Undergrad: 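Sharing a structure with you now.
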Amino acid sequence: VLDKGNPAPDKAVLPKDIFAPTPDKAGVAKDKGAATPKCGNGIKEAGESCDAPQFGGLSCVNYGHKSGLLSCNGCKSISSSRCYTVTSGTKDLAPLVSGSAARPRVAWNTSSGGGLAAWDAPYSSGTSIPDVWIQVLDKSLNPMLGSGVGADITKTQKGIEMQPAVAPFLSDMMVVWADDRKGTTGIYAARVSLKGVVAAKDLGGVVIANATGALSSPAVACLSKNSCLVVWNDDSGSNTQIRSQVIYSDSFGDLKLVGSISKQLSILNQNRNYSPTIATNGTDYMVAWTTKPQASSGTKIYARGVSGNGAPAGTVEKFVGGTGNYSASSPSVAYSGSSGQYVVVWEDNRNKGYDIYGARVDKSAVVITADLAGVKLAWGNTVQMSPSVACTKECLVAHAAGTSTLNMNNIQGVRVLDDGKTLSVVDSFPFTLAKGSYRAASPDAVPDSNGNFLVVWRNQTAAGPGSIKSLLFKP
C-alpha cells in the first residue's frame, strides 16, 4: 500500500513481489490459512506492505528520487518522506578568480518565479579589491546572465564593496552590502530586477547607514507591503552592536529610510555582538546574532523580534542558545509556517567538535520550552559549521562539514520537522549535498516556488581561487 502523500511519480513499474493479498475493510489480509504476520521482525510477510528494512524490492528510486531511505508506517504503508534528490547546478554562477569569489547569498522571488545570487569577488583579474556581483537564476537554476560570469553591480564605485545579502522585494530583489567609499565602511542598498538590471535611481547604491567606525555583515528581509528591514554590525563605538533600519520605496520610486536614526537591537551585552541574520513571517521580523558576553569566554546566540514598522520587541534581546564557556556562533534563522514559529540554528562546540544545534522561538524571541537546552540537529563529522536554515513543510539545514576547520570539503544537509511540539531530525545522519574541489564553505539555502530548496556555496581549489556553485535539493 503506497503512502497517498508520496505517490510513485510517473506510475513507476514496481517489483512483482511487493503485492500482498488484498486486504479487507479492517486492513487485514484475506488469507485465513496464513500465519499472522509479526510487524517489526524485519521480514516482510503476507499481509504487510513493508517491514523495515524489507520493502519488497522498492527503493526511493521508485518514488522519483535518487537518494534516501524509505520508511515503514506500522507495516501498513510505505513512506518516501526520507527520500530526496540533489540536482547540481548546470553551470557555475561565478568563475574561478584570483582573490576568490566568496560569501554567496541567495533569495527566491515567488511572485516572479526566479532567484538571485550575490557574492563578492575582485572587480578584475590581478586585484584583490572586491565588488558585489550577482547572477539571476531561472526555475531550473540556469544562470541567465551568462554561465560562470555574473554581473558586477558596483563597478562604478571606488573602494571595497563586499558581504552582500539579498531578499525578494515586490517583483524584484533588494541587495545590500558593506561599502567603504567614504573612508569608513557603511551599508548600501540597491533594487535589482530579475533581468539583472539595477534600478535607475539606485545605480551605485543608496546609503542606508554610515558611521565613524566600521559597519559590516548586513542582512535583509522584506515584507510584501513595500518595505524591508536591514540589520548590521556597528563597530563605531567601544563595543560592537547590532543595529537596524527600515527602508521602503516611495511613490516616486525613491528608496527611503524610515526615521533618521537606526535602532539598536543589542542591549544586554555591551561587549561584542556580530553576524546578524534575519527572517520574516510576512508581518514581522526575527533577528538573531552571536554575542560575546563580558563575563564569559564563550559565545552565545541571542535574538530579538522586530515589528513590521521597525519597533524592537520588548526592552532587551532574548537568550536562544549556547552553554558555559563553549562557542555558539554563526546563527541562521527561518520562519516555519507549519508551526508559526522561527527556527534558529547555529554551530556549537559544546561536545568538543563542532555540531549544529537549533531551537524554536516565538515572535518575541522566547525559546520554546522543549528547546531550552538546544536540539542537536547535525553531527557525525569532526566539524560541522556555517549552517543555513530554510523552511517549507520541513526545514533544510545546509552546512559545511569536514574532518577539521582546515579541511571543510563537503556541503551537507539534514532535514528537520517542526510540528509545533518538537523539533525532530528526519535523517539519521547528515547527507552530502555537494563536494568541493578542495574546500567547500558558506552555504546559503532558500525555498523555491515548488517546495524545493536552492543552495549556493563557495567552492575553492587547492591553488586558492574560489567559485560560486548552486544545487537544487528536492525533498
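Every value quoted in this text rests on a predicted model; they were computed, and no experiment measured them. Side chains are part of it too, since the values below use all heavy atoms of this structure and drop only hydrogens, waters and symmetry mates.
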Undergrad: Out of curiosity, Ile78 CD1 to Leu70 CG, how far, rounded to the nearest 0.5 Å?
TA: 6.5 Å
Undergrad: Would you give the length of the straight line joining atom CE of Met286 to atom NZ of Lys318, rounded to the nearest 0.5 angstrom?
TA: 9.0 Å
Undergrad: Using a 3.5 Å distance criterion without hydrogens, assess whether the side chain of Asp418 forms a donor-acceptor pair with backbone atoms of Gly420.
TA: yes
Undergrad: Rounded to the nearest 0.5 Å, what separation is found between the CG atom of Leu145 and the CD1 atom of Ile134?
TA: 6.0 Å
Undergrad: CG/Leu396 to OG/Ser388 distance, rounded to the nearest 0.5 angstrom?
TA: 8.0 Å
Undergrad: Tell me every residue that passes salt bridge (charged side-chain N to carboxylate O under 4.0 Å, His left out) with Asp172, counting only those two or more places apart in sequence or in another chain.
TA: none
Undergrad: May I have the step-by-step check of side chain to side chain donor-acceptor pair (under 3.5 Å) for Asn273 and Gln241, ending in yes or no?
TA: CA-CA 5 Å; Asn273 302 276; Gln241 302 299 346; 3.1 Å; yes
Undergrad: Considering only NZ, NE, NH1 and NH2 on the basic side and carboxylate oxygens on the acidic side, decide whether Lys44 and Asp51 come within less than 4.0 Å.
TA: no
Undergrad: Strictly below 4.0 Å, N to O, side chains only: are Asp371 and Arg360 in salt-bridge contact?
TA: yes
Undergrad: Quick check: closest heavy atoms across Gly436 and Asn459, and the distance to 0.1 Å?
TA: CA-OD1, 3.2 Å
Undergrad: Answer yes if the ring centres of Tyr285 and Tyr335 are under 6.0 angstrom apart, and no otherwise.
TA: no
Undergrad: State, to 0.1 Å, how close Val425 and Lys376 come at their nearest heavy-atom pair, and which atoms those are.
TA: CG2-O, 4.0 Å
Undergrad: Please lay out, stage by stage, how Cys60 and Lys66 fare under the test side-chain contact (heavy atoms from CB on, under 4.5 Å).
TA: CA-CA 6 Å; Cys60 286; Lys66 294 182 179 180; over 6 Å; no
Undergrad: Would you indicate whether Tyr326, at its atom OH, is surrounded by more than 12 heavy atoms from other residues, nucleotides or ligands within a distance under 6.0 Å?
TA: no
Undergrad: Measure the CG-CG distance between Leu265 and Asp234 for me, rounded to the nearest 0.5 Å.
TA: 11.0 Å
Undergrad: From Ser244 OG over to Ile208 CD1, what is the distance, rounded to the nearest 0.5 angstrom?
TA: 12.0 Å
Undergrad: List the steps and the verdict of disulfide (SG to SG under 2.5 Å) for Cys75 and Cys50.
TA: CA-CA 5 Å; Cys75 298; Cys50 53; 5.9 Å; no
Undergrad: Does Arg82 qualify as a cation-pi partner of Tyr84, given the criterion of NZ or CZ under 6.0 Å from the six-membered ring centre and within 45 degrees of its axis?
TA: no
Undergrad: Can you give me every donor-acceptor pair (side chain of residues 185-193, partner residue at least two apart or in another chain, under 3.5 Å) with its distance?
TA:
| from | atom 1 | to | atom 2 | distance (Å) |
| --- | --- | --- | --- | --- |
| Arg191 | NE | Asp202 | OD2 | 2.6 |
| Arg191 | NH1 | Ser249 | OG | 2.8 |
| Arg191 | NH1 | Gly253 | O | 3.2 |
| Arg191 | NH2 | Asp202 | OD1 | 2.9 |
| Arg191 | NH2 | Asp202 | OD2 | 3.3 |
| Arg191 | NH2 | Gly253 | O | 2.8 |
| Ser193 | OG | Lys195 | N | 3.1 |
| Ser193 | OG | Val197 | N | 3.2 |

Undergrad: Counting only heavy atoms not in Lys292, do more than 12 sit closer than 6.0 Å to its NZ atom?
TA: yes
Undergrad: Can you tell me how the ring of Tyr302 sits relative to the ring of Phe319, calling it parallel under 30°, perpendicular over 60° and tilted otherwise?
TA: perpendicular
Undergrad: Tell me which pairs pass salt bridge (charged side-chain N to carboxylate O under 4.0 Å, His left out) where either residue lies in residues 419-436, with sequence neighbours left out.
TA: Arg415-Asp427
